[in-house]
Colleague: 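Would you mind keeping the following structure in view while I ask a few things?
The sequence lines fix the lettering, A, B, ..., with proteins before strands; numbering per chain opens at 1. Atom set for the values below is all heavy atoms of this structure, side chains included, hydrogens, waters and symmetry mates excluded. What you are looking at is a predicted structure, and each value in this text was computed from that prediction instead of being measured.
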Amino acid sequence: MSRTRNEVPARFGSALDRLDGDVGLLREMASITSEDLPEVRAATQRAIDDGDCEQAAAGLHKLKGMLSTFESDGVTLEIQEILDLARRGKIDEVQENYQQQKAAIDELSDQVSELASAANSSN
Amino acid sequence: MPTILVIDDDRAIFLLVRQALEGVADIVTAETADAGIKLLKEESIDAVLLDIMLPDRSGMAVFCEIQEYDRRLPVIFMTIEATSQTAIEAMQLGAFDYLAKPLQVASLRTLVSRAIEQRELSSVPVAIVADDTPIEKEGELFIGRSSPMLEVFKDIGRVSKQHIPVLVRGESGTGKELVARALYHYSDRSEGPFLAVNCAALPENLLESELFGHEKGAFTGADSRRIGKFEQCNGGTLFLDEIGDMSSMVQAKVLRVLQDQRFERVGGNNELKTDVRIVAATNRPLEKMVDQGDFREDLLYRLNAVTISLPPLRDRSIDIPLLIQYFLGQAKREFNKQDLEGASPETVDLLKQYPWPGNVRQLRAVIRRCVLDSVLPVIVPSVLPTEIHRKTDPPRDGGSDVKTTPSEPQDNQPPGRESGNLDGRNLPELVDRLLSEKSTDLYAEAIAYAEQYLLVRVLRATDGNQSKAAEILGITRGKLRDRIATYNIKLESGVKIGE
C-alpha cells in the first residue's frame, strides 16, 4: 500500500521532513511511542502529584523527547518550561502548569495514537 | 558491516536509527547505561550514539566509561535539550559530535558515516607517536637529520663564537630567526640581550627611530628621548629581519654601525658607540637588488661575510616525520590533549607528499590545527586542511605568503583575481572560503589579496608611475618594484595582473 503525505495530519509535516518523507517510518515510530506514552505520562503525573521534582523532571524530559519526534514546537516547548521549573524545585508551579497543558498533551498523544492505529491497520 | 551501539531510553529512536542507517551499519541497542556498557564489552562496536540523559545515570558519565574502555571509539551525543552549554561540555569531554533531537535522518546518516570512517582510519597503530616528554631547550630548529640541515648546524657551530655579522637566507617559514637565536645562544654574548626588529614592518622614519632612537623634539610627536635598539642591545645580538626592505637612508646608517659601531640618534649630534653583533635575514635577492640600485653593495658585502642558507622543507623531506613528532608533542602538551596518541600512517603519507610552500612554520600550524580539531586520539586524514588533500604544487616563490598570479586561473586563486580583474569586494568571500577549507595560511592569503588590490588601485591612480605610487603608499620604490614583480602586475596599457 502506498503511503503519502496526505495521509498524515498537517501538524506532523515537519516531523515527516526530518524523516525524509518516510510516512511508514513515522507511523511505526508512532506505534512504539503510543505504546510507551501511557506509562511515561502516568509516572510523570505521579511524581508531580507526590511533589517529587527530581522524578518529575526525569519524566518530563522523557515525555518531551518522545513527543518532539512528532512536533518540536507547540506543546513540547511548554513541557520544556515545566521541566525547567521542576529542575528549580518549584513544584507548585510545575503542578499548575502541567495541569494547564494537559489538554494539549492529550490532544497530541491522541493524534500520535491515531497515526499508530493507521500503521497497525495497514500492517 | 560496522556496528553502531545506540543507548537511549526512547525505543522509537532505535527504529529511526535502524532505518536511517540501513545498509550503512548494523544496530545494537540498549535502554540503560548498564545495558549499553555490557553490550560495548560483548560486541565489536564501531561508534556509539548516546543519549545525554539516561534512566540509570547521565550520558556524560557513560561517555567517560566508554572512553576508559576504548578511547578511539567515536561517541555522538544526542539530546532533546540542545543548549550551548551541553554542546560545549560534550565537545570538551571529547565527543565525536553532538546531535540535537528530534533527529533528522539525513544528518544522522552523514554523521554516523563520518564516525565509522574515522573509526576505521584510526584503528591502526599510529605511524608517529605524540610524545609528551619535555622539549629540548634548543627547540624546533635542531629537529632534523638531513644533509642540508646538518650543514646549517655546522655553520652555526663554526661562526657562533666569532664576532662577525651573519646573513641568514631562506624562504619564509624556514626558521631564520631561530638560527639567529641559536647563534646568540652559542655565542660569548649569550649573557647579553637578544633583540629582533622586522625591517619590513615599519615605515622608513619609524624604523630609523626604532633602530637608532631619537632625541626629544627630533620630529613632530617626539615628546621625549627614545633609546633605539642599537643602544639597548649593547653587548648583545641584534637580529634584523627582512633586511632587504630597509630604505637606502637606513641602510647607510646600519652600514656605519657595521663599520665602526658608531651612530647618532635621530635629531641628535652626539656620536654614540655600541657593541652589537648583527645577524640579518632576508628571503629577497639582495644581489639583484644591488644591480637595480635598491640595496647598497658595501652593506651586502659587510653582511654576508658569513651566510647561512636554510633549505626549504621540500628539500629536506626526510625531516618531516621528525618535525611532525616534535610538533605533535608540543601541541599535545600545550592543549592538554592527554589522549592524543599520534598520527595515522595515511595522515603521515599525505603530510610527507605535500610541498610545504610555507615551510616549517606552515607544518607547525597544520599540526596544531589538527590536534585542536581531532576528537579521536589518532589524527586521521579527514582533519587535515583541504590544501593538503589537494596535493597541488603551490608556487615556490620564496614565501608562503605570496601566490603569484598566473595567466590561467587556478583552483586556489582568490575570487576576483581571474583575468587580472581584481575586485577588492571579494575579500569576505575569500576569507569565508579559506575558513571553510580549514586554511592554516589565512592571514597571509587575505593580506596578499588586499595588498594586490591596493597596489593595482594605486598604480592605476598614478597611471603606472611607480615613484608617485611609492610615495602615496609610503613604501620605498624598491619595495614597490619587488611587490609588482611578486604579483606579476603588468604596467603597460593600463595596470593589469598576470596577463
Colleague: What is the distance from atom NZ of B:K101 to atom OG1 of A:T76, rounded to the nearest 0.5 Å?
Modeller: 13.5 Å

Colleague: Considering residues at least two apart in sequence or located in another chain, which fulfil the salt bridge (charged side-chain N to carboxylate O under 4.0 Å, His left out) criterion with A:D110?
Modeller: none

Colleague: Where do A:T33 and B:A12 come nearest, in terms of heavy atoms and distance?
Modeller: OG1-CB, 3.7 Å

Colleague: Rounded to the nearest 0.5 Å, how far does CG of B:L103 lie from OG1 of A:T69?
Modeller: 7.5 Å

Colleague: Answer with side chain, backbone, both or neither: which region of A:D17 has an atom nearer than 4.5 Å to a non-hydrogen atom of chain B?
Modeller: neither

Colleague: So which heavy atom on B:V105 is nearest to which on A:D20, and how close?
Modeller: CG1-OD2, 3.6 Å

Colleague: Please check if the number of heavy atoms outside B:E120 that lie under 6.0 Å from its CD is greater than 12.
Modeller: no

Colleague: Identify which part of A:L83 has an atom lying under 4.5 Å from any heavy atom of chain B, answering side chain, backbone, both or neither.
Modeller: side chain

Colleague: Find the one option among A:E35, A:M66, A:M29, A:Q80 whose heavy-atom pairs under 4.5 Å with chain B are most numerous.
Modeller: A:M29

Colleague: Quick check on B:E65: does its CD atom have over 12 non-hydrogen neighbours (other residues, nucleotides or ligands) under 6.0 Å away?
Modeller: yes

Colleague: Taking everything shown except B:E42 itself, do over 12 heavy atoms lie less than 6.0 Å from its CD?
Modeller: yes

Colleague: Determine the minimum heavy-atom distance between A:H61 and B:I80, stating which atoms define it.
Modeller: CE1-CG2, 3.4 Å

Colleague: Nearest 0.5 Å, please: how far is NZ in A:K64 from CE in B:M53?
Modeller: 11.5 Å

Colleague: May I ask you to check whether over 12 heavy atoms, not counting those of A:E54, lie within 6.0 Å of atom CD?
Modeller: no

Colleague: Looking at CG of A:D36 and CZ of B:R11, how far apart are the two atoms once the value is rounded to the nearest 0.5 Å?
Modeller: 4.0 Å

Colleague: Could you tell me which non-hydrogen atom of A:E28 sits nearest to which non-hydrogen atom of B:L15, and how far apart they are?
Modeller: CB-CD2, 3.3 Å

Colleague: Measure distances from B:R109 to the heavy atoms of chain A and classify the residue's part below 4.5 Å as side chain, backbone, both or neither.
Modeller: side chain

